[in-house]
Amino acid sequence: MAGWFRTAILPLVRRNAFTLSLVVCVSAAFVWPDFFTAWGDFRLTGLIGPLLMLIMFGMGTTLSVADFLRVAKMPLPVAVGVGLQYLLMPVLGLALARMLRLEPELAVGCVMIGSVAGGTASNVMSYIAKANVALSVTMTCVSTFLSPFLTPLLVKCHGGTLVEIDALAMALEIVKITILPIVAGLVAHRLLEKPFARNRVLVDRLLSTLSMAGICIILAVILGPAHAKVKEAGLVLLLAASVHNVLGLLAGYWATRLVRHFLPNRISEADCRTIAIEVGMQNGAMATQLAAKFISPVAALVPNIFGIWMDVSGSVLANYWSRRK
């Protein structure tokens, strides 16, 4: 019995640790919503910004100048992936919101999740899927550094008629919660290059664990106070999230396959998988923070539910691809 547990159950749990952690945190937020709403006078939603900054700092410590120079080595897949991400996903979000007749705040939340950069979870999924991790990291870097310019512009263009959007303030917030922590992580990596190199495996595991824990906590502290709204509109938002995510994954994969058909030497099957994951998975934590601060807690519920679905579906797809050549 013990041998069966070690050989069958334990590897399965390890492969799906992130998915299981999400399910546990989300379930806990539904069962004990008050615990995830406030501790005394402190509202737990105040943790979202610092946790996101910690995740971005961790991402920065894994990067180096070589990661940014990779863009010159693989410009075509980066351009295809980032182009699909910023051109397609916001339009899909708005179209789904209109088809489902969502109220304005929820509709802008759909636009918001489609307009943000890729998240660090996509890098983990690319690794599990045996895709091009270097391309995944490069695309995440490029989309993140473009986000202070493109995210406010896209939200303003597609959602500005629904609610009032302060694009400049949003851009400054993105710089504060993403760009500055990443730069700080890059500096820390540079200053502590030798210790990082000697303990690379340990550092990567620690930062990966912190990132996963941060994402789980962010999801829980948004779901806690909004659980009543989730009960009311949860199924509709889950439908929007699943369709948005699946269409992003399909478009990312098959559009890249089309490019590969004409340029087989410049794009590989691993690149197709990577771009699918990057296009289909956005930075839900960033979208949640921006929606909560600049629109409303109701709007922040949308990227939160989208984030849960994306992380679960992404891990399932990554595990499927990991078993295929």
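If you chain together hydrophobic residues whose side chains sit under 4.5 Å apart, Phe57 and Ile217 never meet in one group. A single hydrophobic cluster is not seen to contain both Val91 and Phe306; linkage of ILVMFWY side chains at heavy-atom distances under 4.5 Å, directly or through other members, places them apart. Cluster membership for Leu54 and Ile182, using ILVMFWY side-chain heavy atoms within less than 4.5 angstrom, is not shared. Follow the hydrophobic side-chain contacts under 4.5 Å out from Ile113 and you never reach Leu87; the two are in separate clusters. In the hydrophobic clustering of ILVMFWY residues, with side-chain heavy atoms under 4.5 Å counting as a link, Val259 and Leu88 come out together.
Side-chain atoms of Ser126 come within 3.5 Å of backbone atoms of Ser122 as a donor-acceptor pair (strictly under, hydrogens ignored). At least one donor-acceptor pair under 3.5 Å links the side chain of Lys156 to the backbone N or O of Ile165. Using modelled atom types, no side-chain atom of Arg266 and backbone atom of Leu76 make a donor-acceptor pair closer than 3.5 Å.
For the atom pair CZ (Arg260) and OG (Ser268), the distance works out to 6.5 Å, reported to the nearest 0.5 Å. Interatomic distance, Leu135 CG to Thr274 OG1, rounded to the nearest 0.5 Å: 5.0 Å. Separation of atoms CG (Asn283) and OG1 (Thr144) is listed at 6.5 Å; rounding is to 0.5 Å. Here the straight-line distance linking atom OG1 of Thr256 with atom CG of Leu263 works out to 12.0 Å at 0.5 Å rounding. Between atom OH of residue Tyr86 and atom CZ of residue Phe149 there is a gap of 10.5 Å, rounded to the nearest 0.5 Å. Remark: Leu52 CG to Leu47 CG distance equals 12.0 Å, nearest 0.5 Å.
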Donor-acceptor contacts under 3.5 Å from residues 167-174 side chains, at least two apart:
residue: Glu173; atom: OE1; partner: Lys176; partner atom: NZ; Å: 3.4
residue: Glu173; atom: OE1; partner: Lys293; partner atom: NZ; Å: 2.9
residue: Glu173; atom: OE2; partner: Gln289; partner atom: NE2; Å: 3.2

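Heavy-atom minimum distance, Leu96 versus Ala240: CD1-O, 3.6 Å. When all heavy atoms of Ala220 and Cys25 are compared, the pair lying nearest together is CB-O, 4.1 Å. Of all heavy-atom pairs spanning Met286 and Thr178, the tightest one is CE-CG2, 3.3 Å. Of all heavy-atom pairs between Glu269 and Tyr253, the closest is OE2-OH, 2.9 Å. In plain terms, the two heavy atoms of Ser143 and Thr140 that are nearest each other are OG-O, 3.1 Å. Here the shortest heavy-atom pairing between Leu92 and Gly248 reads CD1-N, 4.5 Å.
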Checklist entry - So Met112 and Ile295, side-chain contact (heavy atoms from CB on, under 4.5 Å) or not? Walk me through it. => result CA-CA 10 Å; Met112 180 72 76; Ile295 305 172; 3.8 Å; yes
Checklist entry - Would Val108 and Leu94 count as a side-chain contact (heavy atoms from CB on, under 4.5 Å) if you check the C-alpha gap in whole Å, the side-chain angles of each, and the deciding distance to 0.1 Å? => result CA-CA 8 Å; Val108 177; Leu94 180 61; over 6 Å; no
Checklist entry - Between Leu249 and Val279, is a side-chain contact (heavy atoms from CB on, under 4.5 Å) present by the stated rule, with each step listed? => result CA-CA 6 Å; Leu249 293 169; Val279 174; over 6 Å; no
Checklist entry - Could you go step by step and tell me if Ile277 and Ser136 meet the side-chain contact (heavy atoms from CB on, under 4.5 Å) rule? => result CA-CA 8 Å; Ile277 292 171; Ser136 177; 5.9 Å; no
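Within 6.0 Å of CZ on Phe262 lie no more than 12 heavy atoms contributed by other residues, nucleotides or ligands.
Annotation: side chain of Leu150 is not in contact with side chain of Ser115 (no heavy-atom distance under 4.5 Å).
Each side chain to side chain donor-acceptor pair (under 3.5 Å) pair with one or both residues in residues 236-249, not counting sequence neighbours, appears once here: Asn245-Trp309, Asn245-Ser313.
Residues passing the side-chain hydrogen bond (donor to acceptor under 3.5 Å, both in side chains) test with Thr288, sequence neighbours excluded: none.
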